[in-house]
Engineer: 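Starting off with a structure, shown below.
Per chain, numbering begins at 1; letters A, B, ... match sequence-line order.
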Amino acid sequence: MRYILKPLTRQIASLVHEAIQNAQQTGELPPVEIPDIEVKPPRKAEQGDYGASVALAMAKSVGKPPLEVANIIAKHMNKPDFISAIEVAPPGFINVRFSEDWIRSLVTILITSGETFGKLDIGTGKRAQVEFLSANPTGPITIGRSRGAILGDAIARVLEETGYDVEREYYFNNAGAQMRNLGESLRIRYLQALGQQVDIPDIEKFYQGEYLIDYAKELIAEKGDALKDADWQPFKEYAEKRMFEWIKETCQRIGIHHDVFFNENTLYDTGAVWKVLEKLQERGYIYAAVTREGETDAEIIAKSADLKPAQWFRSTQFGDDEDRVLVKSNGEPTYTLPDIAYHVNKIERGFDLLVNILGADHFTQAQVVRMGVQALGYDPKPIRVVHVQMVSVVRDGKPFKGSTRRGIFDTLDELIDLTSADAIRYFLLHRSPDSHLKFDINVAVSQSNDNPVYYIQYAHVRCSGILREAGARGVTIDGADLSLLGTDELNFLRKCLEFLDVMQTASENLTPHTIAFYALELANAFHPMYDRVRAFADGIDPNLQKARLAFYTATKAMFKRVLTVLGMTTPERM
RNA sequence: GGGCAUGUAGCUCAGUGGAUUAGAGCGUUUGGCUACGGACCAAAAAGUCGGGAGUUCGAAUCUCUCCAUGCUCACCA
């Protein structure tokens with residue numbers, strides 16, 4: 001059995017909307033435009049479960065006092081089963097109270113189908129693609145990278161839960177100068193491992209990571225000195241293979257996977273890159289020049305005098321500050337051209353929603369790509385780019401900067417070793433992507449109260465403990481009378497109902513951090529209640545005990561649900 | 001200088017125009033353990049929501065301006 005409950009704020013908003021329409025039909029309200037209806041929990045619990053302020057917003061256009069408008073709307077509102085009362089409060093709020101029996105019935109829903117609680121149908125029948133991580137295989141995943149990785153995976157999960165058919169994609173380039181440097185670096189390590197004295201030619205381009213020394217040894221074990229006269233290419237291939245193995249292994253450790261690995265090269269193999277340029281040319285958005293059109297600065301022109309013409313994209317026609325180069329004067333495309341081709345490819349694959357997780361430093365790039373897509377006549381609307389701000393890693397109160405090339409490891413792998421996948425997932429998720437994230441290694445490592453992860457998981461553990469005890473005592477929840485549940489339990493169940501709205505908001509706004517926050521709030525509602533609502537207190541009435549055990553069965557399902565959506569584990573004991 | 005963000009309690013941060021009193025966690029102070037696991041609970045102190053002006057019935061939220069911080073403004077990827 002699968003229940004699909006709809007988010008309650010939206011249900012109430014549509015009830016209010018219908019009521020206004022009804023009142024307009026009877027002439028009690030003039031046919032003014034109906035504003036967006038915001039439904040929120042009131043500040044004080046006595047004021048009801050949810051309230052709408054629309055009467056205040058409409059009062060002016062309607063020409064009546066807000067209180068009167070609220071009364072008219074309330075009079076026309078339908079009252080479905082889950083609502084026990086609709087009240088009007090000054091200065092013009094419409095407050096809704098839930099039926100307590102209906103709230104109690106949530107216990108049954110959570111017990112029988114907790115694993116689908118909060119599943120919504122807003123994306124049903126739609127295909128979404130989430131592209132994230134997309135790191136070139138030049139090194140292991142760093143902590144900086146992992147923020148986007150976790151966010152991308154979390155967004156993918158939320159979209160799945162809200163009905164979308166989701167594909168996770170990893171876009172990479174294994175052909176650039178960086179990869180060549182990586183191969184060359186491994187070649188040098190290989191020769192060194194064979195006992196040759198090889199100087200490092202260009203320290204800036206050399207990858208100093210110690211893992212390359214290990215790979216060099218592996219290569220010797222595998223092939224001996226057969227590669228001693230080879231150029232960088234076989235080394236690059238070997239390094240790439242090992243890097244991808246490493247990246248995928250790290251992903252797996254933290255619960256991330258990708259369905260599709262898309263190599264930028266295929267855009268060249270199929271000619272897509274040049275087709276894009278051609279089409280842009282046909283549409284008149286390309287010009288060949290040494291400098292930007294309109295750039296008359298003598299110094300710039302003088303500097304560019306020895307350059308051959310490049311191919312420029314008239315992105316200024318789409319609001320850009322300046323035109324961008326798509327093909328360099330040496331005939332090679334810039335990164336932008338294949339990137340536009342890639343987005344065209346994605347759009348042509350027929351997705352309804354294309355989410356792309358990028359660092360904030362790629363903002364301009366993403367804008368230009370969007371303009372390119374537009375210039376080609378595609379609707380860029382399905383493309384939604386989420387930019388994550390930087391992660392600054394702090395250890396012992398000091399900034400901890402890493403560089404893949406130097407081989408200083410602030411790797412995600414190492415951090416998983418030090419803490420846990422759960423802690424990392426939570427820490428990287430519980431901040432808005434817009435905010436700079438300070439990742440304190442000491443806090444992440446600590447297994448103390450600083451760490452909200454434990455607080456949340458401990459709620460699940462406590463429920464498990466109660467149910468274990470019930471099992472040991474042979475008490476079942478069959479025939480539990482839910483009407484015995486009291487205010488504490490009802491308030492907790494009210495909090496559970498908010499999950500529906502949280503999921504909808506997270507899905508629509510692509511903001512899974514609100515779920516992480518919600519999980520903490522839920523735990524925060526749980527623990528104080530747990531102290532008061534005891535199942536095995538001395539002399540407890542057996543019927544009340546049954547009801548409370550049913551309640552804790554539901555509560556456990558709720559915590560399991562929210563932790564699962566966040567990609568975290570649900571320990572039985574800690 | 002332009003663009004995109006950020007600035008809210010001692011710290012880390014939520015807060016998609018609403019309710020005389022702006023929230024959470026941590027930290028601090030005080031109190032509570034025969035315990036379904038105390039990795040807990042109860043209570044308290046703590047804020048001119050960066051400054052200023054404006055918009056309206058009402059602003060942390062919208063507009064303008066100033067200040068501070070981060071990222072970015074390549075024929076790099």
Engineer: Hey, is the side chain of Tyr458(A) poking within less than 4.0 Å of OP1 or OP2 on G38(B), counting only N and O atoms?
Structural biologist: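 Indeed, a polar side-chain atom of Tyr458(A) lies that close.
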Engineer: Under 3.5 Å for both donor-acceptor distances, Watson-Crick or wobble: does G7(B) have a partner, and if so which one?
Structural biologist: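 By the stated definition (distances under 3.5 Å), C67(B) pairs with G7(B).
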Engineer: Between A77(B) atom C1' and Glu332(A) atom CD, what is the distance in whole Å?
Structural biologist: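 Rounded to whole Å, this separation is 12 Å.
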Engineer: Where does the angle between the aromatic ring planes of Tyr426(A) and His430(A) fall among parallel (under 30°), tilted (30 to 60°) and perpendicular (over 60°)?
Structural biologist: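 Tilted.
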Engineer: Of the options C4(B), C71(B), A77(B), whose atoms approach the side-chain atoms of Phe363(A) most closely?
Structural biologist: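 Closest of the options to the side chain of Phe363(A): C4(B).
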Engineer: From the set A77(B), U72(B), A14(B), return the single nucleotide nearest to any side-chain atom of Asp361(A).
Structural biologist: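 Within the option list, the nearest is U72(B).
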Engineer: Base, sugar-phosphate alone, or nothing: which one does Val385(A) contact when heavy atoms must sit under 4.0 Å apart?
Structural biologist: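 Nothing, no nucleic acid heavy atom in range.
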Engineer: Is there a Watson-Crick or G-U wobble partner for C40(B) with both distances under 3.5 Å, and which nucleotide is it?
Structural biologist: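 Across all strands, the one nucleotide that pairs with C40(B) is G32(B).
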Engineer: Closest-nucleotide mapping onto RNA chain B: is Pro333(A) or Ala52(A) further toward the 5' terminus? I mean the 5' end.
Structural biologist: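 By nearest-heavy-atom nucleotide position, the 5'-most residue is Ala52(A).
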Engineer: Less than 4.0 angstrom between a side-chain N/O of His513(A) and OP1 or OP2 of G15(B), yes or no?
Structural biologist: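 Answer is yes, contact under 4.0 Å.
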Engineer: Does C36(B) have OP1 or OP2 under 4.0 Å away from a side-chain N or O of Arg534(A)?
Structural biologist: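 Affirmative; the distance criterion is met.
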Engineer: I want to check one thing: is the phosphate of A39(B), taken as OP1 and OP2, less than 4.0 Å away from some side-chain N or O of Arg462(A)?
Structural biologist: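 Looking at the OP1 and OP2 atoms of A39(B), neither is under 4.0 Å from any side-chain N or O of Arg462(A).
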Engineer: Could you check whether any side-chain heavy atom of Glu169(A) comes within less than 4.5 Å of a side-chain heavy atom of Tyr342(A), counting everything from C-beta outward?
Structural biologist: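 Result yes, sub-4.5 Å side-chain heavy-atom pair found.
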Engineer: Could you work out the separation of G7(B) and G15(B) based on their P atoms and round it to a whole Å?
Structural biologist: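 The answer is 9 Å between these two P atoms.
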Engineer: Expressed as a whole number of angstroms, how long is the span from Met390(A):CE to C4(B):C1'?
Structural biologist: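 Spelled out: CE on Met390(A) to C1' on C4(B) is 11 Å.
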Engineer: Atom CZ of Arg468(A) and atom CD of Glu572(A): how far apart are they, to the nearest 0.5 Å?
Structural biologist: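 It comes to 6.5 Å.
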Engineer: Considering only atom C1', compute the distance from G31(B) to U12(B) and round it to an integer number of Å.
Structural biologist: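 To the nearest whole Å, 27 Å.
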Engineer: For the P atoms, the ones on G51(B) and on A60(B), what distance do you get once it is rounded to whole angstrom?
Structural biologist: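 Comparing P positions in G51(B) and A60(B) gives a spacing of 11 Å.
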Engineer: Given the structure, check if the side chain of Ser329(A) and the base of C75(B) hold any donor-acceptor pair shorter than 3.5 Å.
Structural biologist: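 Check passes, donor-acceptor contact within cut-off.
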Engineer: Kindly indicate whether the side chain of Pro512(A), heavy atoms from C-beta on, has any atom under 4.5 Å from the side chain of Leu151(A).
Structural biologist: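 Yes, close enough: below the 4.5 Å cut-off.
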Engineer: Would you mind telling me which of A77(B), U12(B), A14(B) lies closest to the side-chain atoms of Arg431(A)?
Structural biologist: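 Shortest atom-to-atom distance from the side chain points to U12(B).
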Engineer: For a quick test of reading the model: is some side-chain N or O of Thr334(A) closer than 4.0 Å to OP1 or OP2 of A77(B)?
Structural biologist: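 For Thr334(A), the contact criterion (side-chain N or O under 4.0 Å from OP1 or OP2 of A77(B)) is not met.
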Engineer: U55(B) pairs with which nucleotide, Watson-Crick or G-U wobble, both distances below 3.5 Å?
Structural biologist: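 The base-pairing partner of U55(B), which may sit in any strand shown, does not exist here.
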Engineer: Which value, in whole Å, describes the distance between the P atoms of nucleotides U55(B) and C64(B)?
Structural biologist: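 Per the computed distance, 15 Å lies between those P atoms.
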Engineer: Examine the base of A19(B) for any acceptor or donor lying under 3.5 Å from a partner atom in the side chain of Asn95(A), and report the outcome as yes or no.
Structural biologist: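 Yes.
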Engineer: With a 4.0 Å limit, can you tell me whether Lys328(A) has a side-chain N or O closer than that to the phosphate oxygens OP1/OP2 of A77(B)?
Structural biologist: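 Answer yes for this pair, as a side-chain N or O of Lys328(A) is under 4.0 Å from OP1 or OP2.
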Engineer: Mind calculating the distance between CZ (Phe427(A)) and C1' (G25(B)) to the nearest angstrom?
Structural biologist: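 Result: 10 Å.
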Engineer: Mind checking the P distance from C11(B) to A44(B)? Whole angstroms is fine.
Structural biologist: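 Those two atoms are separated by 23 Å.
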Engineer: For a 4.5 angstrom cut-off between non-hydrogen side-chain atoms, does Leu8(A) reach Val96(A)?
Structural biologist: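 No, every pair of side-chain atoms sits at 4.5 Å or beyond.
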Engineer: Name the nucleic acid region contacted by Ser53(A), choosing base, sugar-phosphate or nothing; use a 4.0 angstrom heavy-atom cut-off, strictly under.
Structural biologist: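 The residue Ser53(A) makes base contact.
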Engineer: Scan side-chain atoms only and decide if Asp422(A) and Gln457(A) contain a donor-acceptor pair under the 3.5 Å cut-off.
Structural biologist: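 There is such a pair (donor and acceptor under 3.5 Å, judged by atom type) between the side chains of Asp422(A) and Gln457(A).
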Engineer: It should be established whether Asn330(A) places a side-chain nitrogen or oxygen under 4.0 Å from OP1 or OP2 of nucleotide C75(B).
Structural biologist: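 No, Asn330(A) has no side-chain N/O under 4.0 Å of OP1/OP2 on C75(B).
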Engineer: Under 4.0 Å between any heavy atoms, over every strand shown, what does Gly176(A) touch: base, sugar-phosphate, or nothing? Just pick one.
Structural biologist: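 Contact class for Gly176(A): none.
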Engineer: Assign Thr505(A) to base, sugar-phosphate, or nothing according to its heavy-atom contacts below 4.0 angstrom with the strands shown.
Structural biologist: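 Thr505(A): base contact, heavy atoms under 4.0 Å.
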Engineer: Could you tell me the separation between the NZ atom of Lys40(A) and the C1' atom of G58(B), rounded to a whole number of Å?
Structural biologist: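 It is 13 Å, rounded to the nearest whole Å.
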Engineer: How far does the C1' atom of U8(B) sit from the matching atom of A46(B), given to the nearest Å?
Structural biologist: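 Comparing C1' positions in U8(B) and A46(B) gives a spacing of 14 Å.
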Engineer: Using the rule for Phe, Tyr, His and the six-membered ring of Trp, do Phe517(A) and C13(B) stack at under 5.5 Å and under 30°?
Structural biologist: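 Answer is no, no stack.
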Engineer: Applying the Watson-Crick and G-U wobble criteria at under 3.5 Å, what pairs with G17(B)? Answer none if nothing qualifies.
Structural biologist: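 Its partner is none (no Watson-Crick or G-U wobble pair with both distances under 3.5 Å).
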Engineer: Once you round it to whole Å, what is the distance between P of A5(B) and CD of Gln367(A)?
Structural biologist: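 Roughly 9 Å, once rounded to whole Å.
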Engineer: With nearest nucleotides of RNA chain B determined for Tyr552(A) and Thr364(A) from heavy-atom distances, which residue corresponds to the more 5′ nucleotide?
Structural biologist: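 Checking each residue's closest nucleotide, the 5'-ward one belongs to Tyr552(A).
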Engineer: Nearest to the side chain of Gln365(A), which nucleotide is it out of A77(B), C36(B), A14(B)?
Structural biologist: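 The answer is A77(B), which lies nearest to the side chain.
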Engineer: Side chain of Ala57(A) only, please: which of A77(B), G18(B), A14(B) is the nearest?
Structural biologist: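 Taking heavy atoms from C-beta onward, the closest nucleotide is G18(B).
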Engineer: Might you work through the side-chain contact (heavy atoms from CB on, under 4.5 Å) test for Trp312(A) and Ile286(A), ending with a clear yes or no?
Structural biologist: CA-CA 5 Å; Trp312(A) 296 78; Ile286(A) 301 291; over 6 Å; no
Engineer: For A42(B) versus C33(B), give the span between their C1' atoms, rounded off to a whole number of Å.
Structural biologist: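 13 Å, rounded to whole Å.
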Engineer: Considering only side-chain heavy atoms of Gln389(A), which listed nucleotide, G70(B), A24(B), C36(B), is closest?
Structural biologist: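 Ranking G70(B), A24(B), C36(B) by closest atom to the Gln389(A) side chain puts G70(B) first.
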Engineer: Would you mind reading off the distance between Leu522(A) atom CG and A14(B) atom C1', rounded to a whole angstrom?
Structural biologist: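 Going from CG in Leu522(A) over to C1' in A14(B) covers 16 Å.
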Engineer: Rounded to whole angstrom units, what separation is found between the CE atom of Met371(A) and the C1' atom of C4(B)?
Structural biologist: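 Interatomic distance, CE of Met371(A) to C1' of C4(B): 12 Å.
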Engineer: Just N and O in the side chain of Tyr455(A): are any of them under 4.0 Å from OP1 or OP2 of C41(B)?
Structural biologist: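 Looking at the OP1 and OP2 atoms of C41(B), one of them is under 4.0 Å from a side-chain N or O of Tyr455(A).
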Engineer: Taking the side chain of Phe93(A) as its heavy atoms from C-beta onward, which of A19(B), C71(B), A5(B) lies nearest to it?
Structural biologist: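 For the Phe93(A) side chain, the nearest candidate turns out to be A19(B).
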Engineer: Return the pairing partner of U12(B) with a 3.5 Å limit on both distances, Watson-Crick or G-U wobble; otherwise return none.
Structural biologist: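 Across all strands, the one nucleotide that pairs with U12(B) is A24(B).
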Engineer: Could you check whether Arg494(A) pairs with Glu498(A) (Lys NZ or Arg NE/NH1/NH2 to Asp/Glu carboxylate O, under 4.0 Å)?
Structural biologist: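 Judged by the 4.0 Å cut-off on N to carboxylate O distance, Arg494(A) and Glu498(A) do not form a salt bridge.
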Engineer: Heavy atoms, side chains only, cut-off 4.5 Å: are Phe526(A) and Tyr455(A) in contact?
Structural biologist: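 They are not in contact (no side-chain heavy atoms under 4.5 Å apart), so the answer is no.
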Engineer: For Asn524(A), answer base if it contacts any base atom (sugar-phosphate contacts may also be present), sugar-phosphate if it contacts only those atoms, and nothing otherwise; contact means non-hydrogen atoms under 4.0 Å.
Structural biologist: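 Counting heavy atoms under 4.0 Å across all strands, the contact made by Asn524(A) is with sugar-phosphate only.
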Engineer: Nearest-Å distance, CZ (Phe526(A)) to P (A39(B))?
Structural biologist: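 After rounding, the gap between these two atoms is 14 Å.
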Engineer: Picking from G37(B), G17(B), A77(B), which would you name as closest to the side chain of Glu38(A)?
Structural biologist: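 Among G37(B), G17(B), A77(B), the one nearest the side chain of Glu38(A) is G17(B).
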Engineer: Give a yes-or-no answer on whether the side chains of Asn356(A) and Tyr171(A) include a donor-acceptor pair shorter than 3.5 Å.
Structural biologist: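 There is no such pair between these side chains.
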Engineer: With a 3.5 angstrom cut-off on both distances, give the Watson-Crick or G-U wobble partner of A45(B), or none if there isn't one.
Structural biologist: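 Because no pair has both required distances under 3.5 Å, A45(B) counts as unpaired.
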Engineer: What's the closest nucleotide to the side chain of Ala310(A) if the choices are C75(B), A14(B), A74(B)?
Structural biologist: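 Comparing C75(B), A14(B), A74(B) against the side chain of Ala310(A), the answer is C75(B).
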Engineer: So, OP1 or OP2 of C75(B): does either fall under 4.0 Å of a side-chain N or O from Arg292(A)?
Structural biologist: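 Yes, Arg292(A) has a side-chain N/O under 4.0 Å of OP1/OP2 on C75(B).
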Engineer: So if I take every side-chain heavy atom of Val325(A) and compare against A19(B), C75(B), A77(B), which nucleotide ends up nearest?
Structural biologist: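 The answer is C75(B).
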